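Notes to accompany the following structure.
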Protein chains: 2
Amino acid sequence: MKMSRVMQCAPERRRADVNAGWYRALPSRKPHLVTRVNSALYAEPVIATSEDVARRAGVSRATVSQILNGRGQRFAVETRERVTQAASELEYQPSAAGRTLAKGSSDIVIAVIPYTTFGGNLQDIFQTATEELATRGLTLLLHLATDSTAPLDRVVTGMKPRAVISLTPFSRAELDLLKSRGVLAFDPQSASSKVRTDPNVDIGALQARYLVDRGYESLVFAHLQDARLDPFGEGREEGVRRVCTEHGLPEPMIIRLGIDPDDALAAIDSIKLPGAGVVCYNDDVATALLSAATIRGWKVPDEVGFIGMDHTPLSAVTLPPLSTVGYDQRAAAYNLITAALHGLGESVDDREPMDVKFALVPRGTA
Amino acid sequence: MKMSRVMQCAPERRRADVNAGWYRALPSRKPHLVTRVNSALYAEPVIATSEDVARRAGVSRATVSQILNGRGQRFAVETRERVTQAASELEYQPSAAGRTLAKGSSDIVIAVIPYTTFGGNLQDIFQTATEELATRGLTLLLHLATDSTAPLDRVVTGMKPRAVISLTPFSRAELDLLKSRGVLAFDPQSASSKVRTDPNVDIGALQARYLVDRGYESLVFAHLQDARLDPFGEGREEGVRRVCTEHGLPEPMIIRLGIDPDDALAAIDSIKLPGAGVVCYNDDVATALLSAATIRGWKVPDEVGFIGMDHTPLSAVTLPPLSTVGYDQRAAAYNLITAALHGLGESVDDREPMDVKFALVPRGTA
DNA sequence: CTGAAAGCGCTTACAG
DNA sequence: CTGAAAGCGCTTACAG
């Protein structure tokens with residue numbers, strides 16, 4: 001197999017201070033990356049070190065470090081300016097490895113992404129988080145959870161992240177690992193002391209209460225069944241149960257389906273109709289069931305009702321459009337980050353907790 | 001704002017070799033992470049260094065390094081065993097920072113995730129990639145692209161990743177940055193020398209040809225319009241154009257819409273019907289248009305046809321189910337990783353390029 | 001107000 | 001077959 005267009009050549013370490021007029025001798029050992037294609041095309045990459053900055057500013061590396069890390073109050077203004085100036089002229093970026101080694105922990109925050117079914121919101125949430133953390137000098141990197149925690153261990157132990165965060169609760173195994181490796185960990189359980197209960201219970205209850213208000217007297221909870229983990233379903237189901245109890249309704253019927261026409265038809269056929277209101281795990285589940293109900297000739301929302309969760313874009317274009325629950329994803333991410341910053345000892349005085357605002361979006365299916 | 005359940009306390013550096021019976025003195029400087037909650041609850045984390053391993057195995061750190069990095073052939077079998085044994089007993093994980101500093105580049109590969117609309121496949125793809133790279137001792141971490149390349153610069157310059165990869169072409173700015181920082185970069189353009197043309201052109205052509213075969217004589221291309229970048233739409237449109245030319249059909253009409261009922265209705269109303277075949281950017285767009293056409297009373301697929309792209313789970317449960325194009329995401333990821341490994345100088349003799357197998361999924365909408 | 005020195009954990013010639 | 005030593009780039013007491 002031939003590969004083409006390797007876009008970069010090996011970095012040459014060389015004197016970054018071009019004004020100085022000479023180049024640091026190349027290290028005698030061979031650079032580790034030796035692939036070199038079209039090297040003539042590219043200017044030799046130049047990576048400045050704190051030593052380069054120090055030399056250009058005419059100070060010591062210690063001084064550079066102090067000033068660039070915000071402990072520069074005690075230095076002469078003039079010195080400070082020379083240093084920051086030199087740093088920006090050289091496009092100086094401190095080496096994470098060097099800092100990590102010296103300080104014992106890096107400026108990296110790792111977000112663990114569970115193997116679970118997220119909406120397209122995931123990206124938005126972490127985008128926001130990336131930017132927020134960047135303003136604090138922290139770098140957010142995502143790590144996809146795998147079956148074993150071995151890769152997580154590599155990341156955590158190897159990179160010494162400042163913290164590990166997750167939008168879903170950590171598994172027992174993850175918690176143990178993080179603990180034994182001495183890493184700060186934050187998940188929704190730790191995000192806010194206000195949240196005493198699993199928010200999923202509230203979500204399920206919100207969905208169920210809506211259906212009850214609309215007159216459905218027998219409730220169904222439809223789980224999503226796929227290869228992935230489901231950290232939310234249990235809580236949602238519990239919320240539905242509570243509402244049934246509250247209103248003296250019979251226990252909810254529990255069904256499970258994948259996003260698949262046969263699954264959906266079987267699920268619909270298993271429900272006692274007409275008259276049921278179906279609380280769905282998410283909008284995808286609701287969409288599948290809606291189609292199945294339509295195929296079977298049930299009238300929606302008169303003979304059967306559905307409520308989804310997530311307020312996905314597609315939920316607006318089903319026929320009829322899906323009743324669902326929306327929420328402010330940014331707020332969810334914001335709260336997680338706030339908790340993490342707080343735990344990291346950063347000041348969060350300016351960060352009021354945001355209301356995630358779970359809210360009904362009443363539309364055509366219930 | 002009060003935070004609760006900070007799950008970990010600060011790591012204590014201490015002697016990992018518990019058998020030795022004493023603890024390395026704590027460093028006199030304060031550990032950087034000072035937050036300490038419920039520390040009594042947790043065993044003090046123990047992080048072994050190569051020195052600990054060396055001591056326990058009764059060899060030098062140099063020897064440990066050689067053996068653990070696969071350059072141990074020349075050592076006595078007995079020595080090798082003592083070392084690997086000691087390493088596993090201590091749960092030794094080499095410090096990424098230390099290695100990076102010593103070697104000049106880390107074992108990290110960064111995948112840049114563009115701010116674009118992906119299917120839920122993204123996760124699967126990178127999951128696979130994470131595992132594949134792990135078997136080579138490389139750690140995959142995801143970085144979300146932001147408007148500015150500053151965060152990328154921090155990551156790249158700070159972490160000295162072995163390579164930066166992306167499933168979509170890098171932007172000019174990203175390329176310049178990567179180049180100037182001397183980092184190996186791989187994107188689909190560099191993934192395979194066999195791919196002379198943008199695969200998106202082929203995809204668009206595949207969709208269009210299918211519609212032509214089914215008898216639609218005027219084609220429409222429906223772009224997805226949202227806040228995100230669209231690295232694919234241009235190529236797909238071009239593919240449709242070529243097919244029109246090939247078959248002597250008029251130029252395709254171009255429409256744009258978000259996943260929104262009003263957008264979709266307006267889009268449908270702007271098309272000359274009956275008789276058009278609509279090549280859709282993805283299954284979501286197709287779903288939105290399908291609903292709009294149904295609302296307007298057009299018969300699908302007789303009066304208007306739709307073909308989506310992605311073969312999402314939801315595409316199976318629309319009414320009628322969506323005709324679409326599927327492909328092997330794993331193959332796409334596999335090829336990208338192969339290219340990256342090759343460029344990294346790893347042996348890829350055992351990695352035949354995989355066929356991504358774009359394939360029609362004929363169903364009910366065309 | 002500033003710098004010399006030590007040390008973080010690793011790897012790599014090099015010497016034996 | 002194995003180890004002593006230097007060095008990667010940074011930060012932090014400490015001394016002046």
Side-chain angles (χ1 to χ4, degrees), chain A residues 11 13 16 24-32 47-55 57-80 82-83 87 90 92-107 157-160, chain B residues 11 13-16 24-32 47-55 57-80 82-83 87 90 92-107 157-160:
Chain A
R13 312 201 151 281
R24 180 191 301 174
L26 295 178
S28 56
R29 57 178 114 141
K30 294 256 279 298
H32 189 271
I47 295 176
T49 69
S50 76
E51 169 138 30
D52 297 315
V53 176
R55 193 182 302 116
V59 299
S60 72
R61 285 154 72 220
T63 302
V64 169
S65 174
Q66 303 282 18
I67 291 178
L68 261 24
N69 288 304
R71 268 179 301 288
Q73 312 78 302
R74 47 184 169 137
F75 290 90
V77 181
E78 208 259 331
T79 306
R80 277 190 269 173
R82 280 216 314 285
V83 169
L90 295 176
Y92 172 66
Q93 283 286 355
S95 149
R99 299 196 92 202
T100 303
L101 216 43
K103 307 191 47 157
S105 110
S106 70
D107 295 330
T157 313
M159 319 225 353
K160 312 239 187 302
Chain B
R13 308 202 153 282
R14 87 173 196 206
R15 190 76 176 289
R24 180 191 299 174
L26 294 179
S28 56
R29 56 177 116 142
K30 293 257 278 299
H32 189 269
I47 295 177
T49 69
S50 77
E51 169 138 27
D52 297 315
V53 176
R55 191 180 307 114
V59 298
S60 73
R61 284 155 71 223
T63 301
V64 169
S65 173
Q66 303 282 18
I67 291 177
L68 261 25
N69 287 304
R71 267 180 302 287
Q73 312 80 302
R74 46 183 170 136
F75 291 90
V77 181
E78 206 261 329
T79 308
R80 276 191 269 173
R82 282 215 314 283
V83 169
L90 295 176
Y92 172 65
Q93 283 288 353
S95 148
R99 300 194 94 207
T100 303
L101 216 43
K103 307 192 46 156
S105 109
S106 69
D107 295 330
T157 312
M159 321 224 351
K160 311 243 187 298

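Here is how names work: the chains are called A, B, and so on, in the same order as the sequence lines, proteins then strands, and each is numbered from 1. Computed from a predicted model, the values in this text were never measured in an experiment.
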So which nucleotide from C:dC8, D:dG3, C:dT2 ends up closest to the side chain of B:Val59? D:dG3
Within the 4.0 Å heavy-atom criterion, would you say B:Ala62 contacts the bases, only the backbone, or no part of the nucleic acid? base
Give the dot-bracket line for DNA chain C from 5' end to 3' end: parentheses for intra-strand Watson-Crick or G-U pairs under 3.5 Å, square brackets for crossings, | for inter-strand pairing, dots for unpaired. |||.||||||||.|||
With a cut-off of less than 4.0 Å, is there a side-chain N or O of A:Arg71 near OP1 or OP2 of D:dT12? yes
Residues which pass side chain to side chain donor-acceptor pair (under 3.5 Å) with A:Thr63, listed by chain and number, not counting sequence neighbours: A:Ser60
Whole angstrom value for the distance that separates P of C:dA6 from CG of B:Leu101: 18 Å
With a 4.0 Å cut-off on heavy atoms, is A:Val64 in touch with a base, just the backbone sugar-phosphate, or nothing at all? nothing
For B:Asp107 and C:dG9, what is the distance between atoms CG and P respectively, to the nearest whole Å? 18 Å
Check every atom of C:dT11, C:dT12, C:dC1 against the side chain of B:Asn69 and return the nucleotide holding the closest atom. C:dT11
Nucleotide nearest B:Ser65 (side chain, heavy atoms from C-beta), chosen from C:dT11, D:dC1, C:dC1: C:dT11
Have a look at A:Arg80 and say if it touches a base, only the backbone sugar-phosphate, or nothing, with a 4.0 Å heavy-atom cut-off. nothing
Can a side chain N or O of B:Thr63 be found less than 4.0 Å away from OP1 or OP2 on D:dG3? yes
Does B:Ser95 have a side-chain nitrogen or oxygen under 4.0 Å from the phosphate oxygens OP1 or OP2 of C:dG9? no
Atom OG1 of A:Thr49 and atom CD of A:Gln93: how far apart are they, to the nearest 0.5 Å? 13.0 Å
With sequence neighbours left out, the residues meeting side chain to side chain donor-acceptor pair (under 3.5 Å) with A:Glu78 are A:Arg82
